[in-house]
Amino acid sequence: MPDSVIRFLLVDDVRENMVALEALLRRDGLEVHMAHSAAEALEMMLLKDYQLAFVDVQMPEINGYELAELMRGAERTREIPIIFVTAENASEARRFRGYEAGGVDYIFKPIDPVILTSKAEVFYRLARQAKALERQRDELHSIARDRDLAIASLHAHANNSPLALVVCDADLVVRNWYDSAARLFGVSEAAALGRPLGATGCFDAATLAMLAGWTAASDDLARHTAHMKSTGPEGEIYCDIFGSVLVDPALGRPSLTLQILDVTERHRAEEVRSLLVGELNHRIKNTLANVQAIMRQTIRSSVDLQEFNRKFSGRLHALARAHSILSDVTWSSASLDQLIDDQIAAGTLAGDSLDRLGPPVSLSPENTLRLALVLHELGTNAAKYGALSVSGGRVKISWKPEGGDLVLTWREQGGPEVTPPARQGFGSTLIATGVGDSRATVEWRAEGALWRIRIDHGFELLAGVAEALPAEAGAEPSAAEPLSGCRILVVEDEPLVAMDIRLSLEDAGAHVVREARTVADALAAVGQGDFDVALLDANLMGEPVDRIAAALREGAKPFCFVSGYGRAHLPADFPEVPMLIKPVNPDDIIKVVRTFCMPPAA
């Protein structure tokens, strides 16, 4: 910014004269400096800017005219107006010499205060106007620099953005075709600029008609979204279009800005998902049909119920083990970072607008699926209404362990001002209930939504891999070795499964002292200790059973896991504990219980 102070310089070898002048010139916003000689005046003018100089003509060594000539010879002092102050008679020759030396006016002694203040006021106002013009010039230069920087930033963002950016006028003639659009469609800027949008070959007739409707309805809705199919350098592509209509305030004509997102991978993923869902449905129905066929054929060939139970349980168990092998090919745990990367690759999250922070975390398959839906909903909402809907918006994802849980935070910043929704939609319901037991909270802050999601299980890769207890399908318990007197605790949250296990054990002579269906009930039963062996389900109503297993170990009670999960999903600190896979063959249960209740004699 320019120096805003206005300064006048008084040059006279008589101090009393300058004091009198200074008293007459004194006013707010004006600094009056004094120099007692021409040399001192030149030195002062090299250090500060002056808007007017009152110079006495008669001074020793260097007079006023000579000082004026010296001032005109220097770049810094050349433009300073000079008013000569003299007691000499106002002859034409003297006036000519003063004007020739560079003076702009004369004041004659004795000085008339009115004349002095009037002439000084003219130059004071001129100086203020000059200062104002300098400020305006500097402000305009600053605005121009900011404008050029903003335009350069916009062009850089538009050229490098993953979204193709196209700008058209009201007649859908291309006015800007950025590098991002050239990359997506394979059409150069030179081939598209100044031509109708339809001539690029990237938009079909229905899409062009829709875009024309957007510009025609610019007074009703300024932002639009749609989906289209187009052609890119490598063939068919699918795109989401985001359109913004801007009206020129001077001309009143609208222009259309298109941001086009390539969602081909997402579209293909949806097709694959549809195929997988169909295949899964087919496999489930085939599995049920196989179970039905096994059941019917087993009944047909069985002599009695005991034989049917033995054969059917063995065949069903074999079928379950085969199903587990098939599931292990694709059903495994995934890291949270991998899940976020997959969401970015699918186009749900914008990687260049995303910050994340957290330790490496492995998620169970169930939590992976649930959290993928939650992240998809959060990312979609952010892209439509939140931080990702505008340039410069950001999403911050962070996670950390807290009190035995994993707390994930989704924070949006830099988007449109947020107001709480009038009602809770499906997306919010899905986010709130998608992970954990409805343990998600949201704060609708003005700067962006803040979600906190608490995951209470299934978020770490468990170690301790051990083989399941081998079983021989169809092996009947020996009548000579009944389980008479063996007391059993059954920990199982499925009533029918618990009943089946209990009946199988009672048929073999064992006594089921208690059935526990929750973690709390199981811990209470372990505390009573009135049993010899425990059969422990690996998951009770969504809760892990680590505490139950630890309590059994502390009480020196032998137990066996009974689970539909693989070994990797069991408590990690118990690799030596045997495991039976659901559906369980009753003979396998009896064999496990016998090893604990009736160890072989020495």
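This is a predicted model, so every value here is computed, not measured. Hydrogens, waters and symmetry mates play no part in the numbers below; they use all other heavy atoms, side chains included.
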Check: [X] side chain, [Y] main-chain N or O, donor-acceptor pair, under 3.5 Å:
{"X": "Gln259", "Y": "Leu163", "result": "no"}
{"X": "Arg76", "Y": "Leu46", "result": "yes"}
{"X": "Ser255", "Y": "Asp169", "result": "no"}
{"X": "Glu412", "Y": "Ala387", "result": "yes"}
{"X": "Trp399", "Y": "Pro359", "result": "yes"}
{"X": "Asn176", "Y": "Val166", "result": "no"}
{"X": "Asp171", "Y": "Val173", "result": "no"}
{"X": "Thr200", "Y": "Ala192", "result": "no"}

Where do [X] and [Y] come nearest, in terms of heavy atoms and distance?
{"X": "Pro254", "Y": "Val245", "value": "CB-CG1, 3.9 Å"}
{"X": "Ser180", "Y": "Ala164", "value": "OG-CA, 3.5 Å"}
{"X": "Gly542", "Y": "Asn539", "value": "N-OD1, 2.8 Å"}
{"X": "Met71", "Y": "Ile80", "value": "CE-CB, 4.0 Å"}
{"X": "Thr77", "Y": "Arg72", "value": "O-NH1, 3.5 Å"}
{"X": "Arg394", "Y": "Asp352", "value": "NH1-O, 3.2 Å"}

How many angstroms lie between [atom1] in [X] and [atom2] in [Y], if you round to the nearest 0.5 Å?
{"X": "Trp444", "Y": "Leu450", "atom1": "CH2", "atom2": "CG", "value": "10.5 Å"}
{"X": "Trp214", "Y": "Leu172", "atom1": "CH2", "atom2": "CG", "value": "10.5 Å"}
{"X": "Ser362", "Y": "Leu336", "atom1": "OG", "atom2": "CG", "value": "10.0 Å"}
{"X": "Ile143", "Y": "Asp138", "atom1": "CD1", "atom2": "CG", "value": "11.0 Å"}
{"X": "Leu258", "Y": "Leu256", "atom1": "CG", "atom2": "CG", "value": "4.0 Å"}
{"X": "Asn381", "Y": "Leu388", "atom1": "CG", "atom2": "CG", "value": "10.5 Å"}

Any Lys/Arg nitrogen of [X] or [Y] sitting under 4.0 Å from an Asp/Glu carboxylate oxygen of the other?
{"X": "Arg135", "Y": "Glu139", "value": "no"}
{"X": "Asp341", "Y": "Arg356", "value": "yes"}
{"X": "Lys48", "Y": "Glu31", "value": "no"}

Counting only heavy atoms not in [X], do more than 12 fall under 6.0 Å of its [atom1]?
{"X": "Lys119", "atom1": "NZ", "answer": "yes"}
{"X": "Arg128", "atom1": "CZ", "answer": "no"}
{"X": "Glu43", "atom1": "CD", "answer": "no"}
{"X": "Arg125", "atom1": "CZ", "answer": "no"}

> After noting the C-alpha distance and the side-chain angles of Tyr385 and Thr380, does the key distance pass the side-chain contact (heavy atoms from CB on, under 4.5 Å) rule?
Replying inline: CA-CA 8 Å; Tyr385 316 111; Thr380 301; over 6 Å; no

> What residues form a salt bridge (Lys or Arg N to Asp or Glu O under 4.0 Å) with Arg411, not counting sequence neighbours?
Replying inline: none

> Which of these passes salt bridge (charged side-chain N to carboxylate O under 4.0 Å, His left out) with Arg268: Glu270, Glu271, Glu265?
Replying inline: Glu265

> Taking the six-membered ring for Trp, are the ring centroids of Phe8 and His33 within less than 6.0 Å of each other?
Replying inline: no

> Heavy atoms, side chains only, cut-off 4.5 Å: are Gln129 and Leu126 in contact?
Replying inline: yes

>> What I'd like to find out is whether the side chain of Arg452 reaches to under 4.5 Å of the side chain of Glu443, using heavy atoms alone.
In response: yes

> Does the pair Leu197 and Leu208 meet the rule for a side-chain contact (heavy atoms from CB on, under 4.5 Å), with working shown?
Replying inline: CA-CA 8 Å; Leu197 193 60; Leu208 292 171; 4.1 Å; yes

>> Going by salt bridge (charged side-chain N to carboxylate O under 4.0 Å, His left out), name the pairs with one or both residues in residues 230-241, residues two or more places apart or in two chains.
In response: Lys229-Glu236, Asp240-Arg266

>> What verdict does the side-chain contact (heavy atoms from CB on, under 4.5 Å) test give for Ile83 and Leu52, after you've listed the backbone C-alpha separation in whole Å, the side-chain angles of each residue and the deciding distance to 0.1 Å?
In response: CA-CA 8 Å; Ile83 295 179; Leu52 179 63; 3.9 Å; yes

>> Would you call the rings of His227 and His267 parallel, tilted or perpendicular, taking 30° and 60° as the class edges?
In response: parallel

>> The test is side-chain contact (heavy atoms from CB on, under 4.5 Å); show your working for Leu406 and Val361 and say whether it passes.
In response: CA-CA 9 Å; Leu406 180 68; Val361 172; 3.7 Å; yes

>> Working note: Phe185 + Phe203, criterion ring-ring contact (aromatic ring centres under 6.0 Å, His included); need CA distance, chi angles, decisive distance, verdict.
In response: CA-CA 10 Å; Phe185 295 114; Phe203 302 86; 5.6 Å; yes

> ring-ring contact (aromatic ring centres under 6.0 Å, His included) with His376: which residues, sequence neighbours excluded?
Replying inline: none

